[in-house]
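What follows is one structure encoded as structure tokens, with my remarks underneath.
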Number of protein chains: 2
Amino acid sequence: MKKFVNDPKQFVAEFLEGVQLASGGSLKYEPKYNLIYRADMPRPDRVSIIQGSGSGHEPAHTMIVGPGMLDAACPGDVFAGPPVEFVTETSKLMDTPAGVLYIVNNYTGDRTAWEMARELCEAEGQKIGYLLVNDDVAVKDSTWTVGRRGVAGNFFVIKAAAAMADKGGSLEECVRVGEKVIANVRTMGVALSSCTPPVRGTPLFEIADDEMEVGIGIHGEPGRQRTKIMSANEVVDLLLDAIIPDLPFTKGDEVALMVNGLGGTPISELYLLYGAAHKRLAEKGISVFRSYVGEYCTSLEMAGAHISLLKVDAELKELLLAPAEVAYRVF
Amino acid sequence: MKKFVNDPKQFVAEFLEGVQLASGGSLKYEPKYNLIYRADMPRPDRVSIIQGSGSGHEPAHTMIVGPGMLDAACPGDVFAGPPVEFVTETSKLMDTPAGVLYIVNNYTGDRTAWEMARELCEAEGQKIGYLLVNDDVAVKDSTWTVGRRGVAGNFFVIKAAAAMADKGGSLEECVRVGEKVIANVRTMGVALSSCTPPVRGTPLFEIADDEMEVGIGIHGEPGRQRTKIMSANEVVDLLLDAIIPDLPFTKGDEVALMVNGLGGTPISELYLLYGAAHKRLAEKGISVFRSYVGEYCTSLEMAGAHISLLKVDAELKELLLAPAEVAYRVF
């Protein structure tokens with residue numbers, strides 16, 4: 001296994017400790033619940049924004065805890081949703097009179113944990129908001145999902161909701177803008193390789209040297225089809241031809257355009273895909289308001305990429321431009 | 001070849017076009033010289049900071065053009081230094097009465113191009129400063145280098161020199177702080193896998209499933225030894241045991257600590273290495289002033305990592321904390 005690990009069973013605990021140590025004190029780490037949270041939160045007058053899915057998708061979500069993004073994240077093990085207890089403890093720790101917003105990706109394991117935690121916390125008098133992210137247009141229903149999967153579009157939901165919270169928005173307003181993002185964001189990806197979870201020690205799936213998986217899930221779930229590797233331009237066309245009609249995005253729309261790396265693809269290739277997507281959109285009269293190129297939601301060291309489009313209006317543009325600061329983007 | 005490419009020969013040109021398109025107009029691209037530069041530069045009263053090495057090390061250097069970092073970058077092809085003409089044209093484009101600072105990594109191809117360009121540009125009356133980065137402690141002399149290689153420590157040289165330029169420092173002052181960084185930064189890395197340059201289409205070197213290369217170069221140059229894969233903690237000890245005595249870093253020192261990914265290693269593993277390094281330094285009485293975890297200088301999709309330590313004083317601390325903004329770190 002070509003990885004930097006000690007005991008594979010301690011992989012998540014050890015990298016979370018690294019996240020805390022690298023933060024210079026701005027983040028705290030509670031090992032009992034895999035919990036990374038802002039040292040300066042919660043605040044009684046501000047909605048708290050929390051998330052937790054499987055580990056293995058870093059920087060999502062433990063590395064995007066910080067001002068303007070998440071207030072706390074409580075992942076499970078690699079590719080496993082967090083236990084209910086992790087969520088309830090995180091929810092209590094971030095509790096404020098303004099309320100706590102749960103942002104959940106649409107996987108059965110995640111939903112079970114977060115929806116059960118919501119019931120428990122509401123029964124104890126907490127004010128909870130709930131957003132379910134399902135931006136992946138590749139397939140309806142999947143290995144671990146009823147309905148569509150939540151993938152890289154998740155980033156925009158967090159960004160908009162956190163910016164609204166920072167503006168002093170109520171829990172209802174944070175939910176409203178989050179739902180607006182969910183209604184307007186669409187994503188699809190391709191994988192060129194599999195990935196190897198540390199405890200498992202072997203690749204999640206087999207894929208031939210000349211093949212790619214179109215519509216891959218971020219836990220290696222099958223997509224729409226297995227094909228021969230295509231050129232970068234063909235990949236972009238394939239993805240945009242699935243994404244654009246789905247909303248649909250149409251001439252005159254302004255969008256945020258994300259090319260998200262799945263972990264093992266160099267950023268040079270992501271920019272190459274970005275250029276092709278940007279030009280293809282321009283041909284269709286769709287203009288890019290803001291671009292996002294890099295790793296936002298990964299699948300360990302999988303080679304591959306997502307394209308996400310978010311149709312923006314004046315409100316979403318303002319929220320996307322709000323300041324944010326996370327520990328791993330140091331320059 | 002598991003890559004997002006069209007024509008491999010157009011790989012660099014196509015990703016550079018993507019960099020420009022993603023910048024929202026803040027960067028310009030001159031295809032004739034592989035040149036990415038700030039649209040708002042040069043300014044007559046400010047030193048310009050430029051660099052160009054082989055492509056394939058992204059985000060270095062074309063993706064770190066922006067306020068507080070480089071003013072322009074002119075890479076060659078993948079793993080090939082830029083032609084002299086690229087450098088002279090970049091130098092002329094960024095010429096100011098305050099002067100132009102060349103930051104060069106110690107590879108024979110790069111030095112040849114930049115030193116020849118310097119002579120040509122000085123002969124035409126340009127004021128040129130020159131910094132040679134050689135932070136890699138792994139080996140003295142290498143496949144493409146006489147002396148030590150320049151690797152991830154490069155980032156700190158750029159950051160300090162650009163911050164000094166932004167403060168209104170003279171060319172001499174920018175050179176002085178750059179040399180201070182070079183005198184105080186040390187790096188070493190290990191590779192778990194090779195990488196595949198697009199035009200070549202095959203891996204640069206063979207490495208067995210249970211092996212790693214200690215002291216790897218960023219173009220696949222051999223390091224100190226080929227060993228069996230070690231645990232993450234052992235890797236950190238091995239690297240720090242080479243880096244720390246070299247300066248030496250000693251009890252009471254404050255350092256910037258970078259864990260740089262080589263392209264194919266997930267950021268979770270980088271944070272795991274970071275945690276181990278941070279704790280090891282604490283045991284030795286060396287405290288971390290600021291941490292840098294992620295991809296700063298890569299080797300395409302190589303799995304592996306560098307550790308860099310920069311000993312800081314009050315001046316370097318101030319320069320490292322100066323603002324910087326680059327196109328690919330959008331949140």
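- Within 6.0 Å of CG in B/Asp209 there are 12 or fewer heavy atoms belonging to other residues, nucleotides or ligands.
- Residue contact with chain B, scored on non-hydrogen atoms closer than 4.5 Å, involves the backbone and the side chain of A/Ser268 alike.
- Side-chain contact between B/Tyr271 and A/Glu17 is absent, with no heavy-atom pair separated by less than 4.5 Å.
- Remark: side-chain polar atoms of B/Asn6 are paired, donor with acceptor, to backbone N or O of A/Asn233 under 3.5 angstrom.
- Of the listed residues (A/Val190, A/Val19, A/Thr265), the greatest number of heavy-atom pairs within a distance under 4.5 Å of chain B belongs to A/Val19.
- Residue contact with chain A, scored on non-hydrogen atoms closer than 4.5 Å, involves the backbone of B/Ala208 exclusively.
- In this structure, A/Val236 and B/Phe4 have side chains that are not in contact, with every pair of non-hydrogen atoms separated by 4.5 Å or more.
- Neither the backbone nor the side chain of A/Val12 comes within contact range of chain B; no heavy atoms are under 4.5 Å apart.
- Contact annotation for B/Ala305: both backbone and side-chain heavy atoms come within less than 4.5 Å of a heavy atom of chain A.
- Contact annotation for A/Lys2: both backbone and side-chain heavy atoms come within less than 4.5 Å of a heavy atom of chain B.
- Neither the backbone nor the side chain of A/Ala163 comes within contact range of chain B; no heavy atom of the residue lies under 4.5 Å from a heavy atom of that chain.
- Top candidate by heavy-atom pairs under 4.5 Å with chain A, chosen from B/Gly304, B/Ala13, B/Ala282, is B/Gly304.
- Contacts of B/Leu257 with chain A are absent, with no heavy-atom separation under 4.5 Å from either backbone or side chain.
- Contacts between A/Ile229 and chain B at a heavy-atom distance below 4.5 Å involve the side chain alone, from C-beta outward.
- Looking at B/Tyr296, the atoms closer than 4.5 Å to chain A (heavy atoms on both sides) all sit in the side chain, from C-beta outward.
- Minimum interatomic distance between A/Leu21 and B/His278 (heavy atoms only, all atoms of both residues): O-CE1, 3.6 Å.
- Neither the backbone nor the side chain of A/Met302 comes within contact range of chain B; no heavy atom of the residue lies under 4.5 Å from a heavy atom of that chain.
- Only the side chain of A/Phe155 comes within less than 4.5 Å of a heavy atom of chain B; its backbone N, CA, C and O stay farther away.
- For the set A/Glu234, A/Glu211, A/Met212, the count of heavy-atom pairs under 4.5 angstrom toward chain B peaks at A/Glu211.
- Options B/Gly264, B/Ser193, B/Gly275, B/Gly18 differ in how many heavy-atom pairs under 4.5 Å they form with chain A, and the most are formed by B/Gly18.
- Of all the heavy atoms in A/Pro59 and B/Ile267, the pair that sits closest is N-CG2, 4.0 Å.
- With a 4.5 Å cut-off on non-hydrogen atoms, A/Ile207 touches chain B through its backbone and its side chain both.
- For the options B/Glu269, B/Lys279, B/Glu58, heavy-atom pairs under 4.5 Å to chain A are most numerous at B/Glu269.
- Only the side chain of A/Val235 has a heavy atom closer than 4.5 Å to any heavy atom of chain B.
- Neither the backbone nor the side chain of A/Ala276 comes within contact range of chain B, judged by heavy atoms closer than 4.5 Å.
- The choice from A/Leu270, A/Val259, A/Val293, A/Asp7 that makes the most heavy-atom pairs within less than 4.5 Å of chain B is A/Val293.
- In this structure, the portions of B/Lys3 lying under 4.5 Å from any heavy atom of chain A include both its backbone and its side chain.
- Of the listed residues (A/Met63, A/Glu14, A/Glu301), the greatest number of heavy-atom pairs within a distance under 4.5 Å of chain B belongs to A/Met63.
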